[in-house]
Protein chains: 2
Amino acid sequence: MAEQAETLRRTPLSRDRVLRAAVALADEAGIESLSMRNLAQDLGVVPMALYKHVANKDELLDGMIDVIVGQIDPPASDIHWKDAIRRRVLSAREVLRRHPWAPLAIESRTMATPAVLAYLDSVVATFKAGGFSANLAHHVMHTMGSRVLGFSQELFDASRQAGRSGATTPEPPAALPPEFAARFPHLAEIAGAASHDDQSIVGEGCDDQFEFEFALDLLLDGIERLHQRGWTSPRRNG
Amino acid sequence: MAEQAETLRRTPLSRDRVLRAAVALADEAGIESLSMRNLAQDLGVVPMALYKHVANKDELLDGMIDVIVGQIDPPASDIHWKDAIRRRVLSAREVLRRHPWAPLAIESRTMATPAVLAYLDSVVATFKAGGFSANLAHHVMHTMGSRVLGFSQELFDASRQAGRSGATTPEPPAALPPEFAARFPHLAEIAGAASHDDQSIVGEGCDDQFEFEFALDLLLDGIERLHQRGWTSPRRNG
DNA sequence: ACCTGAACACCGTTCAAGT
DNA sequence: ACCTGAACACCGTTCAAGT
């Protein structure tokens, strides 16, 4: 560990090394631990040295996102658009699962990094190759939203808290306290009424992957129906 | 203005005044300007005085979210579940539109504030009243995700940038630079191919409201179809 | 010309001293 | 007992002094 750090210290700094070290730091210690100062220390370098490879912290975050989005599988060709999109999105999801801080980082950026644009462009290309009009493809991209990048913001997300700190054992959420059931009876009722691993008996967590695919397929089915119907949005004001 | 500040200074501090002042500060100056120190100054109070009404900044943010979610219309009764959900979500969207910082704040919290839970509980109640099984209601709530609160993370969101700073004129995004069209031809193609206000001739923005309702209706239609079909998720391991 | 220590202008929060 | 100024441990980034 210290030896590795020593080796790294001798390697000359580069934008790529800075970005990869930043991703590693965020993965291991959580995004809230990613400061220019901490990152510099990890690299065995004085904080100001980073500013030669990265204009400021915002650009650092953009670069980190590009590193991650670049890991998503390239599009499969010669298969039906629906399956191609599905695989691509699930590949993106796998990548993002290794970087739990990424969704929030992506959402907080104003979005324009080249790697993200290239990815989105290729997704649009898949729709177009499947015979979609530009108009429908436009609305469909909006509809997919962040789901096209393999994540969606869950409202009751226990995993995010785990992903923040070291994230050793993804311990199942504690059983619902009785006061919860009293105040929010409908939430309590549906809490356990789902497909899930039944390893834990009482406070079972949700199967995130199942929920994601459920929603993804619901969207893709709806999109397919509109496509077959030749749907087009009304043009406003001519 | 200074007079109003003077009046406020005499009013004794309360948790409610702190929260409302925080929301106002975030609305006017952007969430990045919301610091305990700035908030205290707005209230004509020493920073440490806030800590009697709010344990720390995280609790302040939770409280701000509760203030906002509390403004969403109560559920309509005696109408079809689909219309009831639709109206509720669009009401939430209207509320959030007045507080552009809220979506990101909501997503960054670990989520458990009472007002949000109460809202979600009442949404579930609407589904149940419409005849949904607990199982389907569970998956449907996951599928709606943050959209149930009236927002969804757009990947190419020009409005967020405007909402950050003072947000005077929501100026339309600049026309696509020619290099953009060359590098991302498919994105360029769909950029203008949508329903939108055609006030601007070249760089037209998207109609956020249309895109939101498009996606919402796509989801609700899919959900209705599953409901009518009596769909239930397979139970794993019995 | 390059590198970097010190400094600046901020944070959230603790703590002890003042009333 | 309450209130609050000063202080602590951080930030990102500027800038000027050192090589």
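Model, not experiment: these values are computed from the prediction. Protein chains get the first letters and strands the later ones, always in sequence-line order, with residue 1 at the start of each.
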Under the rule for side-chain hydrogen bond (donor to acceptor under 3.5 Å, both in side chains), what residues qualify as partners of Asp16(B), not counting sequence neighbours?
Arg20(B)

For Arg87(A), salt bridge (charged side-chain N to carboxylate O under 4.0 Å, His left out) partners two or more places apart:
Asp83(A)

Salt bridge Arg88(B)-Asp73(B), side-chain N to carboxylate O under 4.0 Å:
no

Can you name the side-chain hydrogen bond (donor to acceptor under 3.5 Å, both in side chains) partners of Ser33(A), sequence neighbours left out?
none

Measure the distance from CG on Leu61(A) to P on dC11(D) and round it to the nearest whole Å.
15 Å

Take nucleotides 12-19 of chain D nucleotide by nucleotide from the 5' end and write B, S or -, depending on whether a protein heavy atom sits under 4.0 Å from the base, only from the sugar-phosphate, or from neither.
BBBB----

Atom CG of Leu50(B) and atom P of dG5(D) are separated, to the nearest Å, by 13 Å

Please give the distance between the C1' atoms of dT13(C) and dT13(D) as a whole number of Å.
23 Å

Pairs satisfying salt bridge (charged side-chain N to carboxylate O under 4.0 Å, His left out), at least one member in residues 177-187 of chain A, at least two apart:
none

Who are the side-chain hydrogen bond (donor to acceptor under 3.5 Å, both in side chains) partners of Gln209(A), not counting sequence neighbours?
Arg93(A), Glu213(A)

Under the rule of Watson-Crick or G-U wobble with both distances under 3.5 Å, where | means paired to another strand and [ ] a crossing pair, DNA chain D maps to ||.|||||...|||||.||

Non-neighbouring partners of Arg37(B) that pass side-chain hydrogen bond (donor to acceptor under 3.5 Å, both in side chains), sequence neighbours left out:
none

Who passes side-chain contact (heavy atoms from CB on, under 4.5 Å) against Phe180(A), sequence neighbours left out?
Leu176(A), Pro177(A), Phe184(A), Leu187(A), Ala188(A), Leu117(B)

